[in-house]
Amino acid sequence: MDPSGKANLPVIFLTFANDRQEAGQFLKALEPERTALHRILSTYQQKAWGLYHSAGSSDPVELKRDLSQHSGRISIFHFSGHADGTQLRLEGSDGSEIALHQQSLLAFLKEEPQLKLVFLNACATAEHVEQLLALGIPAVIATERSVSDADAQAFSESFYTDLVAGKTLKTAFEAARAVINPQASASHIHRRLKPSSDEGKQDWGLFVREEAMLDWKLSRPAKPRLGISRVAIFAAGLILLLGGIAALTGINLQEMLGFSSRTSQSLTVRVHGPGGKDDRVLAGEGEVSLILGQATRVEITNRKGEVHFQEIPREFFTGEEKARLHFRHAHEYPEPYAARFPDSLYSLEAGQVIDLAVHISGLGQIQGIVYGPDNLPLQGVLVQVQGMADSTNQIGHFKLDIPVEKQAKFQMIRAFKSGFEPYAREHPILPQELILKLRPAR
């Protein structure tokens with residue numbers, strides 16, 4: 001038994017896959033897209049209209065296991081990442097790329113009778129449409145040409161915002177297309193595997209089996225009809241009577257009923273970078289934790305880089321104990337943001353605005369392992385970043401200390417060893433070690 005009723009709710013299933021081997025193919029907008037969709041769909045889930053599930057891994061084995069857990073209830077299957085007309089590029093647990101061919105995708109989805117929409121948010125995925133529709137899936141969103149990384153994020157964010165707001169499939173799709181201005185995107189990173197001719201082709205297309213599907217909306221439970229019972233009439237009369245007594249005696253009605261007007265309060269945290277209060281960072285992507293003793297409240301920053309904590313128990317405002325604020329990047333692969341003054345304590349006041357200064361930390365050291373074509377570590381490889389250099393040891397490991405003035409979220413990594421082709425690629429600087437692979441010289 002499931003007393004919450006969640007076992008019967010429809011599920012929006014999300015999966016994301018990046019390219020962490022080729023720096024030039026790393027999709028910088030993919031993690032912001034994931035965070036944005038989590039934020040948008042959390043409203044859908046909190047209102048108990050349905051659930052969303054973001055796959056913990058796009059490795060085919062793990063993905064199939066995740067799908068099986070929600071089998072029979074999946075209403076939307078969403079993929080974001082690299083693709084082409086024959087395959088989607090999934091991401092193994094070790095960061096390697098794994099091809100999911102068209103027939104494998106069909107096998108994954110054929111047992112989902114409630115599936116209404118497949119959304120392939122990648123480049124040149126329209127060749128999958130015919131087979132998906134033939135499988136019985138009512139609607140597919142796919143692309144006929146390459147689309148920029150940033151546009152892909154903006155498109156899906158707009159689409160799901162309108163869908164959760166109760167708009168029809170057609171309306172949400174058309175509004176998302178209107179958001180995209182092809183002339184504004186100058187990104188050379190696209191969600192595709194192989195170059196293709198884009199002349200005469202459209203970006204996103206909505207393909208349906210029947211025209212009636214254009215009016216489809218996300219399901220919402222019917223609102224219960226409200227009836228006036230004798231108990232309700234009695235309660236209303238009692239409140240009016242007590243209100244009259246309060247007016248005659250001067251007693252506060254809330255106090256008479258045992259309530260306090262200050263049972264809960266609110267406050268705002270405004271997150272900004274080292275550039276000052278107008279330097280808003282990680283808007284819509286930062287996570288602020290308000291910690292008081294054993295109690296913790298967590299919220300995601302909005303588009304202004306602010307967090308509004310609502311309905312905070314009044315105990316937080318007594319002044320007897322000071323609160324702490326913790327900030328982090330709410331991503332699976334977070335940028336190393338942290339509060340500039342992590343030990344600060346705050347005496348809270350209802351309605352106040354707290355300015356929380358944050359900065360990027362952890363960019364001062366880059367380390368990793370260099371492998372050869374046989375997947376064995378290479379010793380004696382010279383690794384360089386902005387003039388700093390280190391040679392790999394017997395297990396292929398290197399470590400570089402980067403001065404503050406040269407620290408950045410992305411760095412060009414160069415590696416050299418006799419008998420191998422020179423290596424030069426841009427890498428995101430993440431908490432985990434980098435993996436470099438050298439090819440033998442021709």
Side-chain angles (χ1 to χ4, degrees), residues 4 31-49 51-52 54 157 160-161 164-165 251-362:
S4 68
E31 290 301 330
E33 178 186 355
R34 184 204 300 263
T35 299
L37 297 195
H38 285 196
R39 183 184 68 251
I40 294 164
L41 296 176
S42 65
T43 300
Y44 175 68
Q45 183 162 288
Q46 288 168 3
K47 293 183 177 180
W49 296 337
L51 304 176
Y52 78 92
S54 183
E157 185 172 348
Y160 284 107
T161 296
V164 168
I251 297 175
N252 184 285
L253 180 58
Q254 290 182 319
E255 293 178 356
M256 180 188 299
L257 296 175
F259 298 123
S260 168
S261 61
R262 291 176 60 84
T263 55
S264 66
Q265 301 290 348
S266 63
L267 63 85
T268 298
V269 177
R270 185 166 52 200
V271 180
H272 65 82
K277 295 181 180 180
D278 293 328
D279 180 16
R280 305 298 172 87
V281 299
L282 299 185
E285 303 173 28
E287 180 180 274
V288 178
S289 299
L290 175 63
I291 306 166
L292 185 69
Q294 300 300 315
T296 301
R297 291 284 302 274
V298 181
E299 296 288 346
I300 301 295
T301 54
N302 61 20
R303 289 182 178 275
K304 296 180 179 180
E306 299 175 345
V307 163
H308 302 293
F309 288 99
Q310 305 287 346
E311 299 183 358
I312 302 173
R314 63 175 179 172
E315 288 76 15
F316 274 63
F317 301 98
T318 60
E320 298 174 0
E321 187 175 4
K322 293 186 178 181
R324 291 185 294 116
L325 291 173
H326 175 74
F327 179 82
R328 75 179 190 93
H329 196 182
H331 278 179
E332 181 180 356
Y333 300 97
E335 295 177 2
Y337 275 92
R340 293 190 66 189
F341 311 104
D343 298 327
S344 295
L345 298 176
Y346 300 86
S347 296
L348 303 182
E349 297 178 7
Q352 76 181 116
V353 177
I354 298 175
D355 286 300
L356 182 63
V358 302
H359 66 148
I360 293 182
S361 61

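Note: hydrogens, waters and symmetry copies are ignored here, and every other heavy atom, side chains too, is used.
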Can you name the residues that form a salt bridge (Lys or Arg N to Asp or Glu O under 4.0 Å) with Glu287, not counting sequence neighbours?
-> Arg328

Say you draw a straight line from CG of Leu267 to CD of Glu349; how long is it, rounded to the nearest 0.5 Å?
-> 10.0 Å

Salt bridge Arg303-Glu157, side-chain N to carboxylate O under 4.0 Å = yes

Can you list the residues that meet the side-chain contact (heavy atoms from CB on, under 4.5 Å) rule with Glu299, with sequence neighbours excluded?
-> Arg297, Val307, Phe309

Closest non-hydrogen atom pair between Trp49 and Val164, with its separation = CZ3-O, 3.7 Å

Go through the steps to decide whether Leu290 and Leu325 satisfy the test side chain to side chain contact (heavy atoms under 4.5 Å, CB included), and finish with yes or no.
-> CA-CA 5 Å; Leu290 175 63; Leu325 291 173; 3.6 Å; yes

Hey, what do you get for OG1 (Thr296) to CZ (Arg324), rounding to the nearest 0.5 Å?
-> 8.0 Å

Kindly write out the residues that satisfy salt bridge (Lys or Arg N to Asp or Glu O under 4.0 Å) with Asp355, not counting sequence neighbours, or none if the list is empty.
-> Arg270, Lys277

Nearest-0.5 Å distance, OG1 of residue Thr268 to CD of residue Gln310 = 7.5 Å

Nearest 0.5 Å please: distance from the CD1 atom of Ile40 over to the OG1 atom of Thr161.
-> 3.0 Å

For Gly305 and Ala283, the nearest pair of non-hydrogen atoms, with its separation, is N-CB, 4.0 Å

Please report the shortest heavy-atom distance between Gly284 and Thr35, naming the atom on each side.
-> O-CG2, 3.3 Å

Polar side chain donor-acceptor pair, Ser266 to His308, under 3.5 angstrom | no

dist His272:NE2 -> Asp279:CG (nearest 0.5 Å) comes out at 8.5 Å

Can you see which heavy atom on Val288 is nearest to which on Phe327, and at what distance?
-> CG2-CD1, 3.7 Å

Mark yes when over 12 heavy atoms from residues, nucleotides or ligands other than Gln352 sit less than 6.0 Å from its CD; otherwise mark no.
-> yes

Rounded to the nearest 0.5 angstrom, the OG1-OH distance for Thr43 and Tyr160 is 15.0 Å

With distance as the sole test, does Gln45 use its side chain to make a donor-acceptor pair with the main-chain N or O of Tyr52 at under 3.5 Å?
-> yes

